[in-house]
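Single-structure report; data block below.
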Amino acid sequence: MLKDFEVRKSLIQYLHTKYKEDKETKIVNEMGICFGQSRIDVATINGILHGYEIKSESDTLVRLPGQMEDYNKVFDRMTIVVSQKYLDKVRLMIPSWWGIIIVRNKGGEAILKEIRKGRKNKNVNPYAVSQLLWKEEALQILENKGLQRGFLSKPKRVILEHLSSSLRVEELQENVNLQLKQREGWKDHVQLM
């Protein structure tokens with residue numbers, strides 16, 4: 001029976017291969033979203049924010065509905081990486097815009113195969129997207145846009161509310177994406193080889 005870490009290892013190798021020519025892509029393990037309410041197993045950050053949720057043979061689907069609710073607020077694209085065991089159930093649960101990668105166990109090795117390419121999420125939540133930022137990053141965006149006046153000493157939630165309501169969704173996503181790609185000292189960042 002394949003465990004989460006075996007599937008994750010294969011997924012990260014798959015992503016390294018997919019993005020080896022793109023030095024701008026950042027791969028992040030266990031990225032917290034919605035103020036830490038949920039964690040996506042793996043995320044890629046480049047022109048878009050793409051989340052990958054793993055459901056291996058040793059997982060259950062109990063938490064998936066709640067996770068989906070949070071993921072749908074934040075990610076431009078979502079892909080579920082799922083064992084054959086859960087494929088039929090997952091197809092009924094996930095939105096049609098999510099991609100699906102199936103995991104097969106070949107001699108104890110996780111073999112991945114994309115069976116449905118995902119589409120762009122048209123319903124991200126600006127405030128949830130802004131929550132990916134550290135306070136200093138949010139202030140930096142506000143300063144770049146000339147919108148920081150009166151907010152430098154405010155609590156993070158107030159700053160994020162101001163930021164998410166002051167920019168168009170696409171502009172916010174672009175700025176958040178840029179901040180995340182430039183972030184230094186991110187403990188869960190996986191270096192591209």
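Predicted model, so just to flag it, every value in this text is computed and none were measured.
- Rounding to the nearest 0.5 Å gives a distance of 4.5 Å between CD1 of Ile54 and CG of Asp41.
- Judged by distance alone, the side chain of Gln148 and the main-chain N or O of Leu139 form no donor-acceptor pair under 3.5 Å.
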Might you work through the side-chain hydrogen bond (donor to acceptor under 3.5 Å, both in side chains) test for Asn144 and Gln140, ending with a clear yes or no?
CA-CA 6 Å; Asn144 292 346; Gln140 180 65 56; 2.8 Å; yes
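- In this structure, the separation between CD on Gln179 and OG on Ser130 is 12.5 Å, given to the nearest 0.5 Å.
- Under the 4.5 Å side-chain heavy-atom criterion for Ile, Leu, Val, Met, Phe, Trp and Tyr, Leu11 and Phe5 are members of distinct hydrophobic clusters.
- Follow the hydrophobic side-chain contacts under 4.5 Å out from Met93 and you reach Phe75 in the same cluster.
- In this structure, NZ on Lys122 lies 14.0 Å from CG on Asn72, to the nearest 0.5 angstrom.
- Between atom CZ of residue Arg183 and atom CG of residue Leu132 there is a gap of 7.5 Å, rounded to the nearest 0.5 Å.
- Summarising the local packing, NZ of Lys154 is surrounded by 12 or fewer heavy atoms from other residues, nucleotides or ligands at distances under 6.0 Å.
- Here the side chains of Leu49 and Val176 are not in contact, with every heavy-atom distance at 4.5 Å or above.
- Linking Ile, Leu, Val, Met, Phe, Trp and Tyr residues whenever their side-chain heavy atoms come within less than 4.5 Å places Ile33 and Val169 in a single cluster.
- Shown here for Glu109 and Leu2, the closest heavy-atom pair between the two residues is C-CD2, 4.1 Å.
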Working note: Asp4 + Arg8, criterion salt bridge (charged side-chain N to carboxylate O under 4.0 Å, His left out); need CA distance, chi angles, decisive distance, verdict.
CA-CA 6 Å; Asp4 178 272; Arg8 184 184 305 264; 3.0 Å; yes
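- Clustering ILVMFWY residues whenever any of their side-chain heavy atoms sit less than 4.5 angstrom apart, transitively, puts Ile102 in the very cluster that holds Trp97.
- Counting only distance, with no hydrogens or angles, the side chain of Asn177 and the backbone of Ile45 share no donor-acceptor pair below 3.5 Å.
- Side-chain contact between Leu172 and Ser164 is present, with heavy atoms from C-beta onward closer than 4.5 Å.
- Rounded to the nearest 0.5 angstrom, Ser58 OG and Lys85 NZ are separated by 8.0 Å.
- Using the six-membered ring where Trp is involved, His162 and Phe151 have ring planes that are parallel, under 30° apart on the 30 and 60° scheme.
- Side chains of Gln173 and Ile48 form no contact here, defined as non-hydrogen atoms less than 4.5 Å apart.
- Leu61 and Met68 fall within the same hydrophobic cluster, defined by Ile, Leu, Val, Met, Phe, Trp and Tyr side-chain heavy atoms under 4.5 Å apart, directly or through other members.
- Residues Cys34 and Ala128 share a closest heavy-atom pair of SG-CB, 4.4 Å.
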Given side-chain contact (heavy atoms from CB on, under 4.5 Å), test Leu167 with Ile141 step by step and report yes or no.
CA-CA 10 Å; Leu167 302 180; Ile141 295 170; 4.0 Å; yes
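- Scanning all heavy atoms of the two residues, the minimum distance from Arg39 to Gly32 falls at NH1-CA, 3.3 Å.
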Kindly determine whether Val90 and Trp98 satisfy side-chain contact (heavy atoms from CB on, under 4.5 Å), including the steps that lead there.
CA-CA 11 Å; Val90 162; Trp98 279 36; over 6 Å; no
Let me see the working for Glu53 and Ile40 under side-chain contact (heavy atoms from CB on, under 4.5 Å), right down to the final yes or no.
CA-CA 6 Å; Glu53 178 61 23; Ile40 189 72; 3.9 Å; yes
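- Within a 6.0 Å sphere centred on CD of Glu174, other residues, nucleotides and ligands contribute 12 heavy atoms or fewer.
- Using a distance-only test at 3.5 Å, with no hydrogens or angles considered, a donor-acceptor pair links the side chain of Tyr86 to the main chain of Asp59.
- For the pair Lys23 (side chain) and Lys20 (backbone), a donor-acceptor distance under 3.5 Å is present.
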Begin with the C-alpha distance, continue with both residues' side-chain angles, and end with the deciding distance and a verdict on side-chain hydrogen bond (donor to acceptor under 3.5 Å, both in side chains) for Gln67 and Lys55.
CA-CA 12 Å; Gln67 291 171 317; Lys55 293 300 179 196; 3.0 Å; yes
After noting the C-alpha distance and the side-chain angles of Val28 and Leu180, does the key distance pass the side-chain contact (heavy atoms from CB on, under 4.5 Å) rule?
CA-CA 10 Å; Val28 182; Leu180 295 178; over 6 Å; no
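- Interatomic distance, Glu137 CD to Asn175 CG, rounded to the nearest 0.5 Å: 11.5 Å.
- The 12-atom threshold is not exceeded at NZ of Lys89, counting heavy atoms of other residues, nucleotides or ligands nearer than 6.0 Å.
- Annotation for Glu69: atom CD does not count as buried by contact number, only 12 or fewer foreign heavy atoms lying within 6.0 Å.
- Considering all non-hydrogen atoms of both residues, Lys156 and Leu133 come closest at NZ-O, 2.9 Å.
- Within the 4.5 Å cutoff, side-chain heavy atoms of Ile27 are placed close to those of Thr44.
- A donor-acceptor pair is defined here as one N or O able to donate and one able to accept, closer than 3.5 Å; such a pair exists between the side chain of Ser10 and the backbone of Ala110.
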